[in-house]
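As structure tokens, the structure follows; a few thoughts come after it.
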Amino acid sequence: MRKIEHIGIAVADLEKSNELFARLLGKSHFKTELVEGEGVETSFYQIGDTKVELLQATSPDSPIAKFIDRKSEGVHHIAFDVKDILAEVERLKAEGFEILNETPKLGADNKLVVFLHPRSTNGVLVELCQERG
Ligand code: ZN
């Protein structure tokens with residue numbers, strides 16, 4: 001893993017949170033993106049070499065809606081940039097980590113993504129992401 005690519009934060013109301021984070025970070029988000037497959041609307045903030053991703057559910061059965069029901073708004077996942085996502089999946093499987101989707105899927109921001117189950121990572125939902133060529 002090369003760096004923290006972004007930190008994902010679950011929010012109930014993206015519009016309100018965009019105002020809040022603009023005040024917090026002193027800058028506006030640089031884009032919003034709907035990821036239909038994940039049932040989320042996202043917005044991104046560039047913070048130096050990494051990003052903050054806000055995620056709002058687009059339907060009640062979205063993973064973000066379930067997360068907010070179970071816990072509350074807050075840090076949802078940490079995403080690590082990887083060079084070769086398939087090799088990284090193999091390495092982590094061999095290390096005993098539980099992979100949620102072994103076949104990378106298309107995430108926000110033109111990335112291939114794989115998630116690790118939080119029960120194998122001390123409660124942290126870990127996302128691997130690889131830039132699509
Ligand atoms: Zn993410």
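Atoms within a ligand are numbered from 1 in the order they appear, just like the ligands themselves. Hydrogens, waters and symmetry mates play no part in the numbers below; they use all other heavy atoms, side chains included.
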Practice task
Report yes or no: do E53 and H76 form a side-chain donor-acceptor pair below 3.5 Å?
Solution key: no
Separation between CG (L55) and OG (S62), nearest 0.5 Å, reads 8.5 Å
Exercise. N/O/S atom of E5 under 2.8 Å from the Zn ion (ligand 1), yes or no?
Worked result: no
query = Parallel under 30°, tilted from 30 to 60°, perpendicular over 60°: which one fits the rings of F44 and F30?
reply = tilted
Requested in this report: Examine the side chains of N101 and T103 and answer whether a donor and an acceptor come within less than 3.5 Å of each other.
Outcome: no
**Prompt:** Is the Zn ion (ligand 1) less than 2.8 Å from an N/O/S atom of C129, whether that atom is in the backbone or a side chain?
**Reply:** no
For the Zn ion (ligand 1), the nearest N/O/S atom on E127 is atom OE1
With rounding to 10 degrees, E53 OE1, the Zn ion (ligand 1) and H77 NE2 define an angle of 90°
